[in-house]
2 protein chains.
Amino acid sequence: MERSTRQRRAIRETFLEAGRPLSPQEVLELAKRKVPSLGLATVYRTLKGLVEEGFLIPVVLPGEPPRYEPAGREHHHHFLCRLCGKVYELLGCDLALEGHLPPGFLAEGHEVTVFGRCPECT
Amino acid sequence: MERSTRQRRAIRETFLEAGRPLSPQEVLELAKRKVPSLGLATVYRTLKGLVEEGFLIPVVLPGEPPRYEPAGREHHHHFLCRLCGKVYELLGCDLALEGHLPPGFLAEGHEVTVFGRCPECT
DNA sequence: AGCAATCTGAGAAAAAGTTTTCATCCTTCC
DNA sequence: GGAAGGATGAAAACTTTTTCTCAGATTGCT
């Protein structure tokens, strides 16, 4: 089990080259450049496997299909371009709102998404 | 067109009484207390209408089905209880990360979701 | 190279959420 | 009160996304 196939290598490389979170569809399109016969089922199977082995983590943004990004990065948030739909990583986090929680609420984590335009779409 | 029916009054009241964003399923359950025969299709139709007329606005959180809340509130964010799944409104917003954007990125808005436990689930 | 087990690709199927259909009911207006 | 047309509810149909099926290809190992 867990063979190193052309498809899996292509998908793994795609993430390293992209430098931003990718959706299954984006993975399919980008990785097809390396393995044109790539099928969507293989993308889903591979994403699932890469998450289980800890290479990827899922990124979920409001109203968006799931994306994946390489694991092991520092706490950060995301930028979603409203025009092209690409997601980028934003370094740093100024959020200090845990103090604003009403009594009785216990914060365990948070998620910040900034919407706007990316450099390519300005 | 746009009649005032028992169902629509019940759904509108449900939002005013709930004081927090509601999903279509939650609306169905809560409004059924007022109109037991209420059907899911009517909930969807009414939500759509209430959004169009400006009474409600959609609230989308990461990985969650859409919710709706009464329109006209100040800028605020949301708290999602990981146990009961209820969403609450958080007043205030300390976010100052627009300054952290890399060059070329233009922010138009943002969305903050805090995950944790609500008072009922502690 | 040869073999066995895993992997792949295409389409079918499943899952979840939302919309449509349609016969009947209910509001509105006269 | 009664007519007309929008509204309702139940179920079917649809979307969109993800998973499953299965025959054939590929990989890892001897």
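Basis for what follows: all heavy atoms, side chains included, without hydrogens, waters or symmetry-related copies. Source: prediction; values computed, not measured.
- Nucleic acid contact class of A/Pro65 (heavy atoms, under 4.0 Å, all strands): none.
- Between B/Pro24 and A/Ser37, the residue anchored nearer the 5' end of DNA chain C, judged by the nucleotide with its closest heavy atom, is A/Ser37.
- A ring-centre distance under 6.0 Å is found for A/His110 and A/His75.
- Residues B/Val51 and B/Leu40 fall within the same hydrophobic cluster, defined by Ile, Leu, Val, Met, Phe, Trp and Tyr side chains chained together at heavy-atom separations under 4.5 Å.
- At a threshold of 4.5 Å between side-chain heavy atoms, the hydrophobic network of Ile, Leu, Val, Met, Phe, Trp and Tyr places A/Leu38 and A/Val27 in one connected group.
- The OH atom of A/Tyr44 sits 16 Å away from the P atom of C/dT8 (whole-angstrom rounding).
- Whole-Å rounding puts the B/Glu26 CD to C/dT18 C1' distance at 17 Å.
- Judged by closest nucleotide on DNA chain C, A/Thr42 is the one of B/Ala41 and A/Thr42 placed further toward the 5' end.
- Proximity of A/Gln7 to the phosphate of D/dT26: no side-chain N or O atom is located under 4.0 Å from OP1 or OP2.
- Distance, B/Lys48 NZ to C/dT18 P: 12 Å, rounded to whole Å.
- Residue A/Thr5 places at least one side-chain N or O under 4.0 Å from the OP1 or OP2 atom of C/dT8.
- For the pair B/Arg12 CZ and D/dA7 C1', the computed distance is 15 Å after rounding to whole Å.
- The separation between A/Leu40 atom CG and D/dT16 atom P is 15 Å, rounded to whole Å.
- In this structure, the CZ atom of B/Arg6 is 7 Å from the P atom of C/dC26, given to the nearest Å.
- Side-chain atoms of B/Arg45 stay outside donor-acceptor range of the base of D/dG6, with no qualifying N/O pair under 3.5 Å.
- The aromatic ring centroids of A/Phe105 and B/Tyr88 lie less than 6.0 Å from each other.
- What separates CG of A/Leu38 from P of D/dT26 is a distance of 14 Å, to the nearest Å.
- Separating the CZ atom in A/Phe55 from the CG atom in A/Leu16 is a distance of 4.0 Å, to the nearest 0.5 Å.
- Side-chain nitrogen and oxygen atoms of B/Arg8 include at least one within less than 4.0 Å of the OP1 or OP2 phosphate oxygen of D/dT8.
- Regarding B/Arg3, its CZ atom lies at a distance of 9 Å from the P atom of C/dC29, rounded to whole Å.
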